[in-house]
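Written out below as structure tokens is the structure these notes cover.
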Amino acid sequence: MTTGATECLLQLYSDRHELEDYQKGVPRWCPGCGDNAILAAVQRLCRDEGLRPEKTVFVSGIGCSSRLPHYMRTYGFHGIHGRALPLAEGVRMSRPDLDVFVNMGDGDCCSIGAAHWIHAIRYNMNMTVMLHDNQIYGLTKKQASPTSPIGLRSNTTPGGAVLEALNPLTVTLGVQNASFVAQAVDWIPDVLYQIVSAAFHHRGFSFIRIVQRCPEWLPKMMDPWLQDPSRVLMLDHEDGIRLGPDLARVYKNQEKHDPSNIHRAREIASTLDPIPVGVLFRNDSVPCYEDLRHDDRLRTAELIGKGLDAEFDKFTVWPEGREA
Amino acid sequence: MRDGAPLVAFALSGLRPEGSPTAEGMRPVALARYHDLPGLRHDLPVVLVGASRTEEAVRSLSDVIDATAAKVGANADGAKLAVHARRIEEAVRRRVAAREAGRLTELVERTAQESEDPDFQSSARALKAGLVADGEVVDAGPDLATSLMRHLWRTAEAGKTRRFVQDAERLAFRLDGVLRAALVHTEAARAPDALRASVGTAFEEAFDFASLSRVVASSATPTTVSEARRHRIEGLLATIRGQRFFTNATASNGQAAHEFEFDRVEAALQAVRMREHEAVVLSKAMAMAELESEGRYDEHRHDPVFAAYGHGGLEGPDQERFPTPFVAVGAAAMTADEAEALLDVLGAGVPIKIVVQTDDLLGRGGEGLRRVADLAFAALRLGNVFVVQATASGLYRMRDRLARAMASPGPALICVYSGGAGTPKVAPYLAAEAAVEARALPVYCYDPTAGSDWRSRFSVADNPHPERDRVPHRFEYEEPGLARKSGEADFGWIELVALDGRFADSFWPVPAAEEVAAMVPASDCLDHAEFRPPDHLPFVFLIDDEDRLYRAVVESRLIAEAARCAERWRLLRELGGVENSHVRAAVAERERAWEERSHEPRTPPKVEEDPAEPTKVAPIESPSPTEPSSDEPYIETPRCTTCNECVAINKRMFAYNANNQAYIADATAGSFRELVEAAEGCPVAIIHPGKPRDPSEEGLAGLLERAAAFG
């Protein structure tokens with residue numbers, strides 16, 4: 001393929017970014033927090049993909065996980081509780097040239113932001129969405145979240161959580177237009193990186209639930225899975241992720257799962273033990289909302305002014321004899 | 001049976017007794033069915049549709065009417081509408097055949113107005129309202145090729161214009177934004193009047209703008225846009241907004257856009273040369289603007305590159321974004337020098353689309369035929385030119401290839417025979433199609449963008465029966481006793497000549513009662529060189545005004561011309577991979593070799609008495625992670641979750657690798673205690689402290705006990 005002068009020049013002088021170019025500050029998370037692993041994975045992805053910091057944006061809501069944009073030397077938007085997705089959709093719609101990442105916690109996404117989450121799946125806008133699921137409200141010091149397991153004692157459920165936990169995977173796979181659903185665990189960094197990378201390369205709403213540990217409030221909860229590799233079901237496929245020999249030797253519980261099979265994906269998603277890890281489902285043919293609503297018109301001040309005027313006019317009480 | 005001597009003399013020399021019959025008013029028997037062409041559904045006329053894609057820009061009238069009738073008929077009386085639609089289609093076809101011009105909606109409306117049947121009028125209006133496509137309707141004739149090709153070219157160019165204008169507006173918008181952002185940092189923008197203007201009239205009295213100006217002036221940050229950059233951006237904006245290559249509603253200099261349609265190749269070439277520098281300047285401005293809009297223009301790096309930009313002319317996508325000139329020339333008006341210049345232009349790779357049309361194939365000793373055929377063949381040799389040889393009757397069938405020719409980035413040459421202006425007996429469509437069937441002007445396409453080899457690029461597949469020398473036609477007739485008979489007649493060069501009234505003298509129609517035994521079909525004479533007068537008199541089947549069938553003896557010189565025509569066709573066919581002699585020879589050779597092998601006695605495969613030891617393949621072993629001796633401390637780095645726990649204990653002892661995963665950078669940089677504490681604190685238990693280096697370390701016994709849990 002031939003390229004124009006601009007493209008050639010950009011390639012000629014494209015800057016090579018190092019990991020440090022994406023790092024900012026020292027994370028304030030607790031030692032051993034899974035957020036650190038997720039941060040390391042996305043920084044590595046940015047470097048490996050050569051993402052330009054000024055063309056990359058991380059959007060978050062509220063919670064421990066939502067501090068992630070602070071530690072990225074890219075654009076970031078630390079939003080309000082449960083509203084990371086609408087903010088990211090707005091960014092995506094108005095700045096299609098940016099790579100958009102979203103980081104949410106389980107309370108942020110699955111409780112107060114649940115409605116946005118459902119519709120964001122249906123809109124299938126091109127973004128990489130990471131649900132940091134530690135199954136507890138950590139920032140506010142141990143309240144039960146929608147994904148807290150039944151029986152979990154917390155400050156809001158001193159007698160133990162009475163409801164079954166919400167399963168973010170089955171919910172996502174149940175929504176029309178779901179196009180990429182994966183699950184990772186924070187304690188297998190190489191697989192986490194591969195999944196984030198696969199999600200980034202999928203054009204559409206790439207949803208990753210990352211099971212992570214909260215060393216402060218639920219320090220032992222994930223130990224059984226952490227210490228027993230057979231309780232992790234590795235999904236291996238050429239259209240998903242491939243296990244290297246080192247990991248394959250440790251994680252022997254594997255299944256060859258074709259991510260185009262949504263029925264099997266739903267079955268796997270329902271499995272709580274062993275924890276499935278890998279790409280459960282992907283469908284590259286689902287259209288993206290921003291493509292369906294693409295408008296070639298430039299968003300000039302005049303155009304925006306005209307649109308606003310038209311909207312305001314709908315609610316204007318006009319003086320008698322002077323209607324719109 | 002008559003005395004054959006005069007026929008022999010005629011066949012040999014063309015001499016004929018005065019008053020002997022000629023083929024005046026006669027036609028080849030293959031055309032017997034086409035007395036009233038507009039009454040027959042065929043793929044012409046075409047509707048030149050205003051589409052955004054070249055692939056959808058040309059549709060046949062029948063196709064549009066059928067699609068419309070299906071659409072409109074779904075909500076109305078479908079059966080009646082379908083019948084009326086056919087009548088409307090025929091009426092429109094007759095109108096355009098009679099050279100009536102107009103868009104399809106207009107022609108349907110006129111048809112409706114001329115009818116006195118209210119039902120028919122109602123159907124026509126419903127059809128008109130629901131037309132799936134509209135545009136100028138053009139039939140075969142002198143105007144078709146130029147109109148159709150120009151339409152395809154304009155459609156392709158409109159796409160380019162859309163893309164350029166979109167790019168230019170986007171870049172201008174963003175560069176304007178840079179300048180606007182810079183402006184707010186200037187003193188002018190902080191002046192009281194500027195502040196007043198920015199607030200608006202509603203609150204004009206609410207502020208003390210002089211004080212406000214002093215406040216903002218004292219806290220303002222200096223502009224980040226240097227003077228040089230501002231000048232550069234203003235220059236880029238002026239160049240982009242003042243460009244004349246594309247229709248430009250926002251042209252700042254008031255100059256009209258350049259013209260790209262020409263009727264002479266030289267004029268087109270001159271225009272291309274004169275605008276070359278202007279194109280380089282604009283292309284450079286677009287490239288620089290792209291970098292500027294991204295904030296990535298680096299004077300140190302880019303100034304030298306852009307100083308040398310375009311010295312060798314534009315290439316690739318930078319050139320392809322510009323309009324390509326379109327030239328339509330008549331072959332008759334073209335001089336030999338002009339033809340040579342045309343080939344020079346094409347050979348130089350100048351992106352230009354040229355249509356050369358002839359309206360007369362056989363006149364002036366076949367000059368029209370030679371001009372288009374020779375030009376097309378000469379352009380083939382250049383290798384980089386999209387070449388199409390076609391006739392008006394095949395343009396619709398070849399529309400996809402023609403669309404590609406107009407949309408392709410390089411030069412294209414379209415050589416066309418229009419079928420002439422037509423005669424009452426032979427419509428231009430028939431004359432054009434006859435030229436194809438006769439192999440006088442075979443249609444072909446050479447598409448240099450289709451692949452790297454000749455097979456991918458060159459095709460003669462659009463010719464009827466490309467595998468045969470001549471196209472056979474069956475016909476039926478009645479003998480005097482009303483007995484029904486059938487016959488077969490090829491349609492070739494001689495039949496094409498018979499279609500042209502100027503050559504009526506070259507044929508002597510012989511009534512059945514006067515036929516002589518020596519008369520043989522002309523095709524036999526082409527296949528057998530020994531079939532020559534006086535023993536063999538070539539004839540072709542002709543019909544007169546009343547469809548009476550004649551065997552018409554042909555002058556021998558036409559046989560020689562027909563043989564030359566057949567040779568040219570065979571050559572093209574070989575190039576097109578049909579009946580290719582190289583392939584035939586290769587296949588024959590393979591068959592012979594196969595035959596020989598199949599007759600050889602079969603021998604069992606030899607068995608080695610002392611078979612060699614089979615090569616031993618080392619089993620593939622999975623690489624195992626290096627496990628250092630238990631004396632040395634180590635970290636299972638691939639499992640590190642970057643929790644910062646260990647590096648917080650000792651930054652020199654523990655460090656992160658390129659993937660931000662921990663490893664032991666220097667085991668001597670800390671104590672055994674730190675190693676043990678790091679192992680205990682590691683949430684994924686991947687730190688192995690090893691053995692202590694310093695046997696005198698305080699509390700060593702307890703530490704060793706704690707370390708035992710980590711291997």
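Only a predicted model underlies this, so the values are computations on that prediction, with no experimental measurement involved. So that the names make sense, note that chain A is the first sequence line, chain B the second, and so on, each numbered from 1.
The part of A:Q43 that comes within reach of chain B is its side chain, from C-beta onward, which places non-hydrogen atoms under 4.5 angstrom from that chain. For B:C682, no part lies under 4.5 angstrom from a heavy atom of chain A.
Taken from OG1 in B:T642 to CG in A:D35, the straight-line distance is 12.0 Å, to the nearest 0.5 Å.
Taking every heavy atom of both residues into account, B:P683 and A:G32 meet most closely at CG-CA, 3.6 Å. The two residues A:W187 and B:T641 have their closest heavy-atom pair at CA-CG2, 3.5 Å.
The number of heavy atoms from other shown groups lying within 6.0 Å of CZ (B:R652) does not exceed 12. Open room surrounds CZ on A:R28; 12 or fewer heavy atoms of other groups in view lie less than 6.0 Å from it. In the displayed structure, A:R242 atom CZ is contacted under 6.0 Å by more than 12 heavy atoms of other residues, nucleotides or ligands.
Interface residues of residues 210-230 of chain A toward chain B, defined by a heavy-atom distance below 4.5 Å and sorted by number: A:R213, A:L226.
You'll find the side chain of B:N660 reaches within 4.5 Å of the side chain of A:Q23, heavy atoms only. Here the side chains of A:K55 and B:E294 are in contact, with some heavy-atom distance below 4.5 Å.
When the salt bridge (Lys or Arg N to Asp or Glu O under 4.0 Å) test is applied to B:E278, no partner is found at least two apart in sequence or on another chain.
Contact tally against chain B (heavy-atom pairs below 4.5 Å) for A:V26, A:D296, A:L247, A:V191: the top residue is A:D296. Counting heavy-atom pairs closer than 4.5 Å to chain A, the top-ranked of the candidates B:Q661, B:E645, B:Q166 is B:Q166.
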